[in-house]
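All remarks here apply to the structure that follows.
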Number of protein chains: 2
Amino acid sequence: MANERPVTRRPGRPRAERPVLTRPAILEAALALVDEEGMEALSMRRLAARLRVDAMSIYHHLPNKAAIVSGLVEAVFATMPPTPAEGPWPDRVRAWARDYRDLALAHPHLVLQIVTDSAAASEATILISEPLYAALEDAGLTAPQIVVAAGTLVDFVNGYALALSPPAADAGAPEADPMGQRLAALGPDQVPAIRRVQAGLGGQSPSGADYFDACLDIIIRGVTPP
Amino acid sequence: MANERPVTRRPGRPRAERPVLTRPAILEAALALVDEEGMEALSMRRLAARLRVDAMSIYHHLPNKAAIVSGLVEAVFATMPPTPAEGPWPDRVRAWARDYRDLALAHPHLVLQIVTDSAAASEATILISEPLYAALEDAGLTAPQIVVAAGTLVDFVNGYALALSPPAADAGAPEADPMGQRLAALGPDQVPAIRRVQAGLGGQSPSGADYFDACLDIIIRGVTPP
DNA sequence: ACCTGAACACCGTTCAAGT
DNA sequence: ACCTGAACACCGTTCAAGT
């Protein structure tokens, strides 16, 4: 079951009108493969097997593996929903940040590439930033202030998404643990402030969407000049 | 010159008192290799060649490659300088964020692992966070507010460092371009707000340390409850 | 033009063999 | 205990060959 061998197919150009392989079909299969089995499962051979095709056939449509990954990132960025240009600017900034977070987390195994492969996606990055810039203009900021505010927000969401991305299945690394358990191993006097804060939480820390929104509030509050 | 072959060495336990291979020596060599040639140059065989040793010898000291990477991240976190617990809390938060940024950027090819491999480093992550928590306590925040503020800051610095990390030499991805050049290719009406901001900058955008400090100012300002 | 399959130069890791 | 070297199961990619 592990080795889904491609059916043997006679070499040569296929007779059918519809070509066997196309760039979109390859990217679609690659995205499904990554979503299901993670980034380390994306190899030319396994992708080809999924497409029931010889591994080398892919090179006729995409120059190399890096181009496949770039194509995936590009495709994901294209799914960013349009942010409406109405309403108070803080609401629009918040909506934009949530949309961008959702985009990044829609394909957990791809988060690293989305956040990292900025060269591949930088055109897309600029395109999706437009509503954010528009909202920050409405906040009455100067040009340099807008650049800084937008950068703060993007860097934060990138960092946030990255922290939630699944670990790369490193066998050598210890398992991810909730912070509480690690804390217990640390000795009571090494991290007194952290222990006090943990105690102050009473066992329940802000999590998920609440946490993200609270972080956003900090940045949005800080954006407004005093 | 590319293939620095290991000298042939008789198998068996070395006679010398000092063992040929130790965990620290392996990690030191691995860090040098990564710093000089990047993450993709870190292979068991190349690391072994640098240590003038058979590739498999390494497995007697570290269980696998993931453990080497985790060890590197751990070693880097250990270099975090102590933040003084004196002075106004905003200064201490700023100093902490700069130190953490410097730590992350000290080994550019390792940024991705530092920011990503949080499971491996989470004990170290907690340890270095202590002064940040202490400073935020002094700001008079409640426990949940401290958790949110610290998280915002850490996620931001992670995202910031990641954006500055060298691309993984993806041959298929287009070259990284300054934003201005990409903008030109985008058509004047697609991103009007971004174009207006670019024009407002007059060609000089805040960069480097100034940019980072300006971002920090936003977050620190937003942390203080109104 | 498009698909195939052998081949090359790498990987990480297991395992039996040396001392 | 520690180091070696062959071997296994993978990689990405090149290239000559098919139609």
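Order of the sequence lines sets the chain letters (A, B, ...), proteins ahead of strands, with each chain counted from 1. These values consider heavy atoms only, across backbone and side chains, with no hydrogens, waters or symmetry-generated copies.
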*Calculate the interatomic distance between B/M56 atom CE and C/dA17 atom P; express it in whole Å.*
18 Å
*Could you give the CG-to-P distance, from A/L62 to D/dT13, as a whole number of Å?*
11 Å
_Pairing string, 5' to 3', for DNA chain D - Watson-Crick or wobble contacts under 3.5 Å, brackets [ ] where pairs cross, | to another strand_ = ||.|||||...|||||.||
*Give the nucleotide from the list D/dT14, C/dC2, C/dT14 with an atom nearest to the side chain of A/H60.*
C/dC2
_Rounded to whole Å, how long is the line connecting atom CG of B/D54 with atom C1' of C/dG12?_
14 Å
*Could you state the atom-to-atom distance from CG of B/L47 to C1' of C/dT13 in whole Å?*
15 Å
*D/dG5 P sits how many Å from B/Y59 OH, rounded?*
16 Å
_All side-chain hydrogen bond (donor to acceptor under 3.5 Å, both in side chains) counterparts of B/R92, not counting sequence neighbours_ = B/D138
_Can you measure A/R46 atom CZ to D/dA9 atom C1' for me and round it to whole angstrom units?_
13 Å
*CD/A/E130 to CD1/B/I194 distance, rounded to the nearest 0.5 angstrom?*
5.0 Å
*Can you tell me if the side-chain N/O atoms of B/H61 get under 4.0 Å from OP1 or OP2 in D/dC3?*
yes
*asked:* If the condition is side-chain hydrogen bond (donor to acceptor under 3.5 Å, both in side chains), which residues does B/D35 pass it with, not counting sequence neighbours?
replied: B/H107
_Nucleotide nearest B/M44 when distance is taken to its side chain, options D/dC11, C/dG12, C/dC3_ = C/dG12
*Among the nucleotides C/dG12, D/dG12, D/dT14, which one has an atom lying closest to any side-chain atom of B/S43?*
C/dG12
*Under the side-chain hydrogen bond (donor to acceptor under 3.5 Å, both in side chains) test, which residues partner B/Y100, sequence neighbours left out?*
B/N158
*Identify, between A/S57 and A/R45, the residue whose nearest nucleotide on DNA chain C lies closer to the 5' end.*
A/S57
*Could you tell me the separation between the NZ atom of B/K65 and the C1' atom of C/dT14, rounded to a whole number of Å?*
18 Å
*asked:* Contact between B/V191 and A/L127 at the side-chain level, heavy atoms closer than 4.5 Å - yes or no?
replied: yes
*Only pairs at least two apart or in different chains count here, so list each salt bridge (Lys or Arg N to Asp or Glu O under 4.0 Å) that has a residue in residues 207-216 of chain B.*
B/R98-B/D213
*Mind checking what makes side-chain hydrogen bond (donor to acceptor under 3.5 Å, both in side chains) contact with A/Q190, not counting sequence neighbours?*
none
*When we call it a touch if two heavy atoms are under 4.0 Å apart, what does B/L42 touch: a base, just sugar-phosphate, or nothing?*
sugar-phosphate
*Please report, rounded to the nearest Å, how far the P atom of C/dC2 is from the CZ atom of A/R52.*
23 Å
